[in-house]
Amino acid sequence: MSNAHRDLADPAFTYDWYREFLERLRSAGYRFRSFDDDPDDGGVFLRHDVDLSPRRALEMARLEADAGVSATYLFLLSSPLYNPFEGEQRTNIREIASLGHDVGIHFSTHQYWAKDDPPTDAALRDRVAAERSAFDAVIDADAAPAVSFHIPPDWVLDRGFDGFRSSYEPALFSEIGYVADSGQRWREDPPRIAELPDALQVLTHPGLWGDEDASFERRIERAAVDAGSRAWELAHREFVDGVYS
Ligand SMILES: [Zn+2]
C-alpha cells in the first residue's frame with residue numbers, strides 16, 4: 001500500500017474520526033471485500049460485531065453507505081442488551097442489509113460452554129447452524145458466510161471449522177493483517193495505516209462510537225441505560241397500556 005500518507009490524528013471514538021479512517025484506507029489503495037471473497041492484496045474485510053445496539057449499528061451502516069463502503073454486520077442472538085427478533089431491531093437489521101452490507105451472526109460460546117470446557121467440533125457446528133437458521137426469522141436473505149465469536153475463547157482462535165467460515169480462521173486472521181477497536185484499545189495502540197499489511201481484516205464495534213467522543217465505560221453504560229429504559233417503555237405499553245388487547 002502507499003506510504004505517501006501522513007497518519008491519522010490520535011483516535012477519538014467519533015464518527016468524524018471513523019469516516020476519516022475509512023477514507024484513509026481507501027486512499028491507501030484498499031478495497032472493501034465481502035467474506036464471500038478470498039483474501040487478496042489490497043482487500044480489506046470490514047467487520048462489525050454488534051455487541052451493544054442494532055440502532056447504533058444502523059448509524060454506522062448509514063455513515064459507511066454514504067462513504068461508499070460496504071461491511072459485514074454480525075449480531076448476537078443471546079445479548080442481554082437487545083433482541084434481534086424484536087420488531088424494531090429486525091427493522092434496523094433489515095435496513096442495514098438494504099444499505100448493501102452483509103449481515104449474519106456473532107456467536108457467543110459462553111452461552112453454551114464454560115471457557116475452559118470446549119465442546120466437540122460437531123456440537124459447536126450444530127449450535128452455530130441452529131443460530132444461523134434461527135437468524136432466518138430476522139432477515140429473509142442469505143446470512144453472511146462468516147461467523148465471529150463473541151469475546152473469543154482461546155480454543156476458537158487461529159483455526160478453521162467445518163460448516164461455517166470463522167472470522168478467526170488463519171486465512172482471515174493470522175495470515176493477514178488484523179486490527180480491532182476492542183475495549184477502545186486504539187486510544188493506546190492506534191492503527192497506523194501506512195504500516196498495515198496489504199491484506200487486512202478490520203473489526204470495529206459500532207456501539208463504541210458516536211457523534212461525540214466518550215470512554216469505553218461510558219459507551220457500555222449508555223448501551224445498558226438505553227436498553228433498560230427501552231425495555232421499561234415497551235413493557236409498559238404492552239402490559240399496562242395493553243396496546244395489543
Ligand atoms: Zn462481541
Side-chain angles (χ1 to χ4, degrees), residues 11 13 18 35 44-61 64 71-86 89-90 92-93 96-97 101-116 118-119 124 127-132 134-135 138-139 143-161 164-169 172-174 178-187 189 191 200-210 214-228:
F13 279 76
Y18 185 70
F35 281 97
V44 54
F45 300 100
L46 179 58
R47 166 181 137 224
H48 303 302
D49 290 350
V50 182
D51 285 349
L52 300 175
S53 159
R55 191 169 62 79
R56 305 283 176 193
L58 176 57
E59 287 175 13
M60 183 168 269
E64 288 171 342
T72 297
Y73 285 78
L74 303 175
F75 296 88
L76 288 165
L77 268 55
S78 55
S79 169
L81 295 172
Y82 69 87
N83 174 359
F85 300 96
E86 192 211 314
Q89 307 295 14
R90 226 171 57 230
N92 289 332
I93 294 168
I96 290 169
H101 303 295
D102 289 338
V103 298
I105 65 159
H106 184 40
F107 185 87
S108 177
T109 59
H110 310 284
Q111 301 295 326
Y112 302 107
W113 305 284
K115 202 170 88 175
D116 49 4
L124 177 70
R127 288 287 188 178
V128 168
E131 286 208 0
R132 295 187 84 190
F135 193 68
V138 174
I139 183 157
V147 169
S148 67
F149 291 100
H150 178 58
I151 313 179
D154 288 345
W155 53 267
V156 305
L157 294 179
D158 220 18
R159 54 169 295 201
F161 295 93
F164 63 93
R165 187 165 214 195
S166 163
S167 64
Y168 295 108
E169 69 189 38
L172 299 171
F173 183 59
S174 55
Y178 185 92
V179 291
D181 71 347
S182 309
Q184 291 191 345
R185 69 166 73 120
W186 284 358
R187 289 187 195 281
D189 186 19
L200 188 61
Q201 182 177 174
V202 174
L203 163 63
T204 65
H205 296 79
L208 299 184
W209 300 79
S215 69
F216 180 67
E217 290 75 9
R218 280 277 173 228
R219 292 294 197 227
I220 304 303
E221 184 187 0
R222 175 181 74 172
V225 168
D226 286 355

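Numbering of ligands and ligand atoms starts at 1, following listing order.
- Closest N/O/S atom of Asp51 to the Zn ion (ligand 1): OD1.
- Residue side and main chain included, His106 places an N/O/S atom under 2.8 Å of the Zn ion (ligand 1).
- Minimum-distance N/O/S atom of His150 relative to the Zn ion (ligand 1): ND1.
- Residues passing the ring pair (Phe, Tyr, Trp, His ring centres under 6.0 Å) test with Phe161 are Phe149, Phe164, sequence neighbours excluded.
- Using a 3.5 Å distance cut-off with no hydrogens or angles, the side chains of Trp155 and Asp116 do not pair a donor with an acceptor.
- The residue from Thr72, Asp49, Leu74 that alone fulfils the side-chain contact (heavy atoms from CB on, under 4.5 Å) condition with Leu203 is Asp49.
- In summary, Glu169 and Arg165 engage in a salt bridge, as defined by a charged side-chain N under 4.0 Å from a carboxylate O.
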